[in-house]
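First up is the structure itself, then whatever we jot down about it.
Read the numbers this way: they start at 1 and go in the same order the structure lists the ligands and their atoms. Excluded from the calculations below are hydrogen atoms, water molecules and symmetry mates; all remaining heavy atoms, backbone and side chain alike, are included. Counting begins at 1 with the first residue of the sequence.
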Amino acid sequence: MAEPSGILIKGGKVVNEDCSVISDVYIENGKIVEVGLNLQIPGGVRVIDATGKLVIPGGIDTHTHMELEFMGTKAVDDFYIGTKAALAGGTTMIMDFVIPQRGKSLLEAYDCWRQTADPKVCCDYSLHVAVTWWSDQVKKEMQTVTKEKGVNSFKMFMAYKDVFMLDDSELYAAFSQCKEIGAIAQVHAENGDLIAEGAKKMLSLGITGPEGHELCRPEEVEAEATQRAITIAHAVNCPLYVVHVMSKSAAKVVSNARREGRVVFGEPIAAGLGTDGTHCWHKDWGHAAGFVMGPPLRPDPSTPGYLMDLLANDDLTVTGTDNCTFSVCQKALGKDDFTKIPNGVNGVEDRMSVIWEKGVHSGKMDENRFVAVTSSNAAKIFNFYPQKGRIAKNSDADVVIWDPKMKRKISAKTHHQAVDYNIFEGMECHGVAVLTISRGRVVYEDGQLQVSPGTGRFIPRKPFSEFVYKRIKQRDLVGTPTAVIREPYKGEVISL
Ligand code: URP
Ligand code: ZN
Ligand code: ZN
Ligand code: ZN
């Protein structure tokens, strides 16, 4: 039987980032056509009863690494499995990273990543591009990628020395180019030199296990780099987005900078909000290694709650996952040396439930802030709002029916991801995506996925996002220093 052409979601509470209202939502041809009560709907449409449930914009995961080749192996969630898992958890768009090798073309890496992702994605996606080395070619390609390829964000690494790391003068140049072309500069903020020294020290002390990963890069290593990136971005009046804010110290740096008026956004991730680094001290090596990522999950158990408080109160702005999954046998590449453990954890499927549980169920944030930090703010910063991130007429029909009362227990036994463990194993979460609509099609319902690879689309993004750049442009207009007008000096000058 042919699928009905339209979908009417009836009786739910429509939740946007600024208000909630009981309303019906009518969807046709991949778009939200109407939001309101007593809508005039053609016959033959599918009617979904959402009474007692929330109707929210599909989640946007700002940070994934599907099938990334990294530290000698390849992440097990590919674009098909990863986006399927995303949909099952109520996320309808991911933003992945093109990461060119040093010396390689950004454009070629971008094309390659599009060719990898396009045939596999089950939900819409977009791409950030990493700047892993610096040259005139990179500078030019940043412009081309922005003008012609729908990218408006570039990630610079301050860690992974000799692999991806840029030094301060290169960061200055890359941030300046971002500013010139209207892109958002993103940073992986950790001091790569200190990590390299710290790692040598830990190994010399005989610390070879996963705990060494955190011990060689304590919080201040993240906080220092975060402050340095903010200082460099401010020097060029470039907007800055700090990816994976993992520590209280780094979060405080972002928060203070925002209070001092800097245009900076902090992205905590599901892992950092839902669990902590104490697991890296676990006696079972495989268990401990499963939590290794960079920057590390922190052993201070008050960290997740603290990050959530800052997220609730707009010191931090938006959430991703850094989903970059390696099974235990891949992690085991570092069984005798923690520096060889492939860095990365899961999150793409569980982010929405973890944030609901730790943020909304706990009473730290309301349902509207939940929508802001899981969806709308990402769309605003990266310039595709209100195409996504809002339940409104003409927006894309990426919609989730969310049951705030339903509970589920997270487990690797039931998750849809390819990785063989789950860092949130056993966590009971209130808040479950009971039905997910992607591009106007029901793709997840009653625990069943109905997806096919390649049905998602690449979402191009324009530069100079107003949410980010309005203030930047005005500051350029009024804040550029001018020289003091004075009579030329006519006195004596010593001769040299
Ligand atoms: O451990 C991590 N974060 N792996 C992915 C690469 C990155 O730095 O984001
Ligand atoms: Zn990173
Ligand atoms: Zn544990
Ligand atoms: Zn990452």
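- Under the 6.0 Å distance and 45° angle rule, Lys120 does not count as a cation-pi partner of Tyr80.
- Here His244 contributes NE2 and Lys155 contributes NZ, and at the Zn ion (ligand 2) these two atoms make an angle of 120°, given to 10°.
- Of all atoms in ligand 1, listed by their number and element, those nearer than 4.0 Å to a heavy atom of His188 are 8 (O).
- Vertex the Zn ion (ligand 4); arms to His65 atom NE2 and Asp322 atom OD1; angle 90° (nearest 10°).
- Glu180 and Lys139 are not joined by a salt bridge, as no carboxylate oxygen comes within less than 4.0 angstrom of a charged side-chain nitrogen.
- When non-hydrogen atoms are compared, ligand 1 lies under 4.0 Å from the side chain of Tyr160 (C-beta onward) but not from its backbone.
- Looking from atom 1 (O) of ligand 1 to the surrounding protein, the closest heavy atom is Gly294 N, 2.8 Å.
- Here His287 and Tyr421 keep their ring centres 6.0 angstrom or further from each other.
- Contact annotation: for Asn343 versus ligand 1, heavy atoms closer than 4.0 Å belong to both the backbone and the side chain.
- The ring of His128 has its center closer than 6.0 angstrom to the ring center of Phe382.
- Checking each of Lys248, Arg298, Arg228, Arg217 against Glu222 for a salt bridge (charged side-chain N to carboxylate O under 4.0 Å, His left out) leaves exactly one that passes, namely Arg298.
- For the Zn ion (ligand 4), the set of nearby N, O or S atoms under 2.8 Å includes one belonging to His63.
- Both the backbone and the side chain of Met293 come within 4.0 Å of ligand 1, judged by heavy-atom distances.
- Taking the charged nitrogens against the carboxylate oxygens, Asp315 and Lys252 have no contact shorter than 4.0 Å, which rules out a salt bridge.
- Salt bridge Arg369/Asp314: present, at least one basic N to carboxylate O contact under 4.0 Å.
- With His63, Lys155, His65 as candidates, the residue nearest to atom 5 (C) of ligand 1 on a non-hydrogen basis is His65.
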